[in-house]
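Note that ligands are numbered from 1 as they come in the structure, with each ligand's atoms numbered from 1 the same way.
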Amino acid sequence: MLGRSIILAGRPTTLLAEADTRLVDSPLPILVDGQALMRTSILAMDPVTRVIAVADIGHAPPIEIGKPLRSFGAGTIVQSRSDRFPTGMRLSGFIDWSEYQIIDEASAVKPIPIAVSFEEALTLHDHTAMAAYFGMRDVGAVRSDETVLVTGSAGAVGSVASQIARIMGARVGGTASGPEKCGWLTKSLGLDFAIDYRHQNVAHSLSRLCPNGINLLFDNVGGTLQDQVVPYLAPNARIVSCGSSAHFLTSTPLAGLKPRTDLGGISVLSFNAMDYRAQFPRAAAAMSTWRAEGRLIFPHQVVNDLEHAPDALNMLFDGRSRGRLLVMLDRGESAVGGHQSANGGRT
Ligand SMILES: NC(=O)c1ccc[n+]([C@@H]2O[C@H](COP(=O)([O-])OP(=O)(O)OC[C@H]3O[C@@H](n4cnc5c(N)ncnc54)[C@H](OP(=O)(O)O)[C@@H]3O)[C@@H](O)[C@H]2O)c1
């Protein structure tokens, strides 16, 4: 029996080009003691996959040419020679872009509780929602009397972070590509304003919309957009530096921090959601309650079939993605447990 994988065929220089990846068939491996075979159901697209296709960033090993690309995802054990990973166990973690893969002690996976669906494991319970929760609440310490701007606010982290700031009572704006996405931010996610940074003049918009300045910038993208926002920060504002997607489409490793002389008394706070791992249950409980009350949704978009995963990864960078972007390899299995998503709109 054969399983398909998407392997890295060349190092991308900007968006993934056709020649950078290849869809290959490989025979399923024969298990040895301690191993199990997982059938992948869903891959969640992460900007970091584009980074580790070209660079070693330390905490996630780079992808070798000829090896499968990797991102977060979930699947079910279908054969096992391991007591730890029995047949039928569902797992999520940082996995290969392969229909079938070996799972063993070294795999970066964890079991999905019975009441949690695959979609929930990759939205409500994953590192993007956790980055939104801890970044906005604990690191940013958002307050109800503040004006907050979230860059990349239609993305996986930004869409949840924006809603959490709104739930905390703040006045919240976001940036996104195109008028349709901006309309979605205000109408569906309840943001107070949205700026189409690709077509609108960001400086003019901010001077009109934030006359007293921005108290908290939750930044997912960095780059020139950050440069455009900094002059509109209020005295003693905080920048929660969550991510830097604007720097990810390069062919070289990320450069270090650039020195800024324009920040005055502004604090820049960086964090890694995984440092809050022990507190994830607290965050999941709070976000589940808000969801049950109809105050928080976990927007996600679905792309079908492994062969479309490379284009799906590009969608994170060219303005086409909305919320968490999930590539479905096996729709049937994703229906196990918990809440279901209707059509890629919410979890
Ligand atoms: N600190 C942590 O623990 C942590 C955890 C998870 C993720 N992250 C980081 O946080 C960032 C967001 O993650 P995510 O999963 O939400 O990614 P995502 O779903 O791809 O969202 C990022 C958004 O940024 C926007 N964007 C992309 N390139 C841009 C550019 N050049 N200029 C301005 N906007 C651009 C995109 O949409 P629009 O163009 O429509 O705005 C996209 O929706 C990433 O950098 C990721 O690595 C950090």
Legend entry - Passing candidate, side-chain contact (heavy atoms from CB on, under 4.5 Å) with I214, options I239, L206, V148, V230: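 Only one option passes, and that is L206.
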Legend entry - Residue of the set L313, N314, V303, L316 for which side-chain contact (heavy atoms from CB on, under 4.5 Å) holds with S321: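 It is L316, the one option of L313, N314, V303, L316 that forms the side-chain contact (heavy atoms from CB on, under 4.5 Å) with S321.
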Inset, instruction - For side chain to side chain donor-acceptor pair (under 3.5 Å), just list the numbers for S241 and S270, CA-CA rounded to whole Å, side-chain angles, deciding distance to a tenth of an Å, and then say yes or no. - result: CA-CA 5 Å; S241 179; S270 66; over 6 Å; no
Inset, instruction - Output every pair passing side-chain hydrogen bond (donor to acceptor under 3.5 Å, both in side chains) with a member in residues 149-172, not counting sequence neighbours, ordered by first then second residue. - result: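 Pairs touching residues 149-172 that pass the test: T151-D219.
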Legend entry - Sorted by chain and number, the residues that approach ligand 1 to under 4.0 Å with a heavy atom: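 Residues within 4.0 Å of ligand 1: P47, H127, T128, A131, G152, G155, A156, V157, T175, A176, S177, K181, Y197, R198, N220, V221, L225, C242, G243, S244, S245, A246, F248, F271, N272, A273, L316, S321.
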Inset, instruction - Could you tell me which residues satisfy side chain to side chain donor-acceptor pair (under 3.5 Å) with D138, sequence neighbours excluded, listed by chain and number? - result: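 R282.
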Legend entry - Apart from I30 itself, residues in the same hydrophobic cluster as defined by side-chain heavy atoms under 4.5 Å: none
